[in-house]
Structure formats: C-alpha cells, structure tokens
Amino acid sequence: ITQMAVQSGRKVIGTASASKKDTALKAGAVATIDYQTEDVGERVLELTDGAGVGAVIDMDFSSTSRLISSSALQPKGTIYCYGSNDMGELTVPFRDLLFKSINLKFFLVYELDIEERQTAISQLENFMKTGNASTNISHVLPFEEIVQAHQLVESGKANGNVVLEF
C-alpha cells in the first residue's frame, strides 16, 4: 500500500514496530510511528506541524478509531479499514464524526463486485508494470509447512511476505 500511495504522489507516514520501521521507510514512508511505544495521534500532529492527515488506511479499526476524536485526522478526512483486532462492538464518537464530517470506509477483498475487482486488478497490474514495485520476502518455506507459514503471518513475526514453495 505504501509503495502505491507514494507512486501516486501521496506523502505516507507509516505505523510500524521498531523491528519493521526500516521496511516501511524502504517502501517510501517519509516517517514512521512506533504504534507500540508512541501516541499515534500526537506523533501525527508533530510530523504534520499540527495539520493532521486527510486519510488513514489501517487494518485495525479498534485502534484507529481513537484518532477520530483527535486532531490527527483532518475534518472531512477518511478512515479506510479492512479489519479490527476487536471483533466485538466498538463505540465511536458520533459527535466528532458528525461535526468533522469524517468518512468511514470499510471493505473486504472477498466482497468486491466484478467491476471493483477489475479496477483493483488493473491498478495493481499498472503498478507492477512501472518496475517500481518491490517485495520484501521474510521467509520461504516448503508447502508442507503451510501451517507454520500461516502462524508466522498471524503472529506478526514475519517482516515481509511468507512464500510457499511447491
């Protein structure tokens, strides 16, 4: 995501643990925030000279939702989210959503309709054709170790892609 955003002219501030900071910077992030040790909202404001950001893309809505009440997300900003570490009910500050006109956009890749899927595939193909795309391979495992591969990904210990060989 970082590489594609940067290629399209966006300035990216990445959130990453200390062990994954270099990967985010290599992908084109102008700065990183260690979400495990830093207050993300405060650090966003520091990095943007108080302006905040217009959009947030994140997997974990349960933590990203905290930015709604902060000034880190600009009025009329958008949170794009495709998951949450807390799958229960989450309370969001309706007043802030309303008076800041904040947009929430959720999606699952599995739920894309044909047109959305074709658009996404076309954008990915165009990105790959530029020659600017790079991938970070963390582990290469034989297919027989597919369970271990999933465990690596789910644990967050893989600093990059986990590839299975057949």
Side-chain angles (χ1 to χ4, degrees), residues 1-17 19-36 40 44 53-68 72-74 76-92 97 101-166:
I1 293 172
T2 298
Q3 292 178 50
M4 292 176 70
V6 168
Q7 184 173 316
S8 69
R10 306 295 195 281
K11 179 179 173 183
V12 175
I13 299 170
T15 54
S17 62
S19 66
K20 296 182 180 179
K21 174 183 178 174
D22 289 340
T23 302
L25 294 171
K26 183 179 173 188
V30 296
T32 61
I33 301 169
D34 186 338
Y35 64 92
Q36 295 175 331
V40 174
V44 165
V53 295
V56 173
I57 302 172
D58 197 9
M59 187 293 299
D60 183 19
F61 184 70
S62 64
S63 62
T64 304
S65 63
R66 297 180 201 135
L67 296 177
I68 295 168
L73 185 62
Q74 297 169 350
K76 298 184 181 178
T78 303
I79 294 176
Y80 298 90
C81 197
Y82 53 98
S84 181
N85 288 333
D86 181 346
M87 296 304 283
E89 292 184 24
L90 296 172
T91 302
V92 294
L97 289 169
S101 297
I102 291 178
N103 301 290
L104 301 176
K105 298 205 176 205
F106 301 92
F107 68 95
L108 286 173
V109 172
Y110 316 108
E111 299 296 327
L112 295 175
D113 62 34
I114 297 294
E115 186 177 321
E116 291 169 323
R117 187 174 303 275
Q118 286 303 103
T119 299
I121 290 169
S122 177
Q123 289 172 339
L124 285 169
E125 285 176 345
N126 290 336
F127 174 65
M128 298 301 289
K129 288 177 185 176
T130 67
N132 295 325
S134 65
T135 188
N136 186 35
I137 297 175
S138 175
H139 294 79
V140 177
L141 301 172
F143 181 75
E144 294 76 26
E145 294 181 26
I146 191 168
V147 172
Q148 293 87 340
H150 277 277
Q151 290 170 338
L152 272 169
V153 172
E154 291 172 358
S155 72
K157 293 179 182 173
N159 192 3
N161 295 302
V162 176
V163 176
L164 293 172
E165 288 186 320
F166 291 86

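Each residue takes its place number in the sequence, starting with 1.
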Check your understanding: Can Leu164 and Glu145 be said to form a side chain to side chain contact (heavy atoms under 4.5 Å, CB included), step by step?
Key -> CA-CA 8 Å; Leu164 293 172; Glu145 294 181 26; 5.6 Å; no

Study note, to complete from the structure: Thr130 meets the side chain to side chain donor-acceptor pair (under 3.5 Å) criterion, sequence neighbours left out, with Gln7

Extract all donor-acceptor atom pairs below 3.5 Å that involve side chains of residues 21-32 and protein atoms in other chains or at least two apart in sequence.
unit_1 : atom_1 : unit_2 : atom_2 : d
Thr23  : OG1    : Asn159 : OD1    : 3.0
Thr23  : OG1    : Asn159 : ND2    : 3.3

Review point. Has Ile114 got more than 12 heavy atoms of other residues, nucleotides or ligands less than 6.0 Å from its CD1?
Key: no

Check your understanding: Do other residues, nucleotides or ligands put more than 12 heavy atoms under 6.0 Å from the CZ atom of Arg10?
Key -> no

Point to revise | Interatomic distance, Met4 atom CE to Thr2 atom OG1 [nearest 0.5 angstrom] | key: 11.0 Å

Point to revise | Pair Phe106 and Phe61, ring centroids less than 6.0 Å apart | key: yes

Review point. Just wondering, do Val140 and Glu165 contact through their side chains at under 4.5 Å, heavy atoms?
Key: yes

Please report, to 0.1 Å, the donor-acceptor pairs under 3.5 Å made by any side chain of residues 150-158, with sequence neighbours excluded.
unit_1 : atom_1 : unit_2 : atom_2 : d
Ser155 : OG     : Gln151 : O      : 3.2
Ser155 : OG     : Leu152 : O      : 2.9
Ser155 : OG     : Lys157 : N      : 3.1

Check your understanding: Val92 versus Leu97: any side-chain heavy-atom pair under 4.5 Å?
Key -> yes

Point to revise | Side-chain H-bond candidate by donor/acceptor type, Asp58 with Thr64, under 3.5 Å | key: yes

Practice item. Determine whether Glu116 and Phe107 make a side-chain contact, defined as any pair of heavy atoms from C-beta on separated by less than 4.5 Å. Key: no

Revision key, fill the gap. d(Asp113 CG, Glu111 CD) to nearest 0.5 Å is 10.5 Å

Review point. Should Tyr35 and Ser17 count as side-chain neighbours, where that means a heavy-atom distance under 4.5 Å?
Key: yes

Exercise for review: Check whether any side-chain heavy atom of Glu125 lies under 4.5 Å from a side-chain heavy atom of Ile121, and answer yes or no.
Suggested key: yes

Exercise for review: Answer yes or no: is there a donor N or O on one side and an acceptor on the other, between the side chain of Asp60 and the main chain of Asn85, under 3.5 Å?
Suggested key: yes

Exercise for review: Give a yes or no on this: more than 12 heavy atoms of other residues, nucleotides or ligands lie within 6.0 Å of atom CD of Glu115.
Suggested key: no

Check your understanding: Under the side chain to side chain contact (heavy atoms under 4.5 Å, CB included) criterion, do Leu73 and Ile102 qualify, and how do the steps go?
Key -> CA-CA 8 Å; Leu73 185 62; Ile102 291 178; 3.7 Å; yes

Check your understanding: Can you find a heavy atom in the side chain of Ile13 that is under 4.5 Å from one in the side chain of Ile33?
Key -> yes

Exercise for review: Would you check if Cys81 and Leu104 make a side-chain contact, meaning some heavy-atom pair closer than 4.5 Å?
Suggested key: no

Point to revise | Verdict with supporting geometry, Asn136 and Asn161, side chain to side chain contact (heavy atoms under 4.5 Å, CB included) | key: CA-CA 6 Å; Asn136 186 35; Asn161 295 302; 5.6 Å; no

Check your understanding: At what distance, to the nearest 0.5 angstrom, does CD of Glu144 lie from CZ of Phe166?
Key -> 9.5 Å

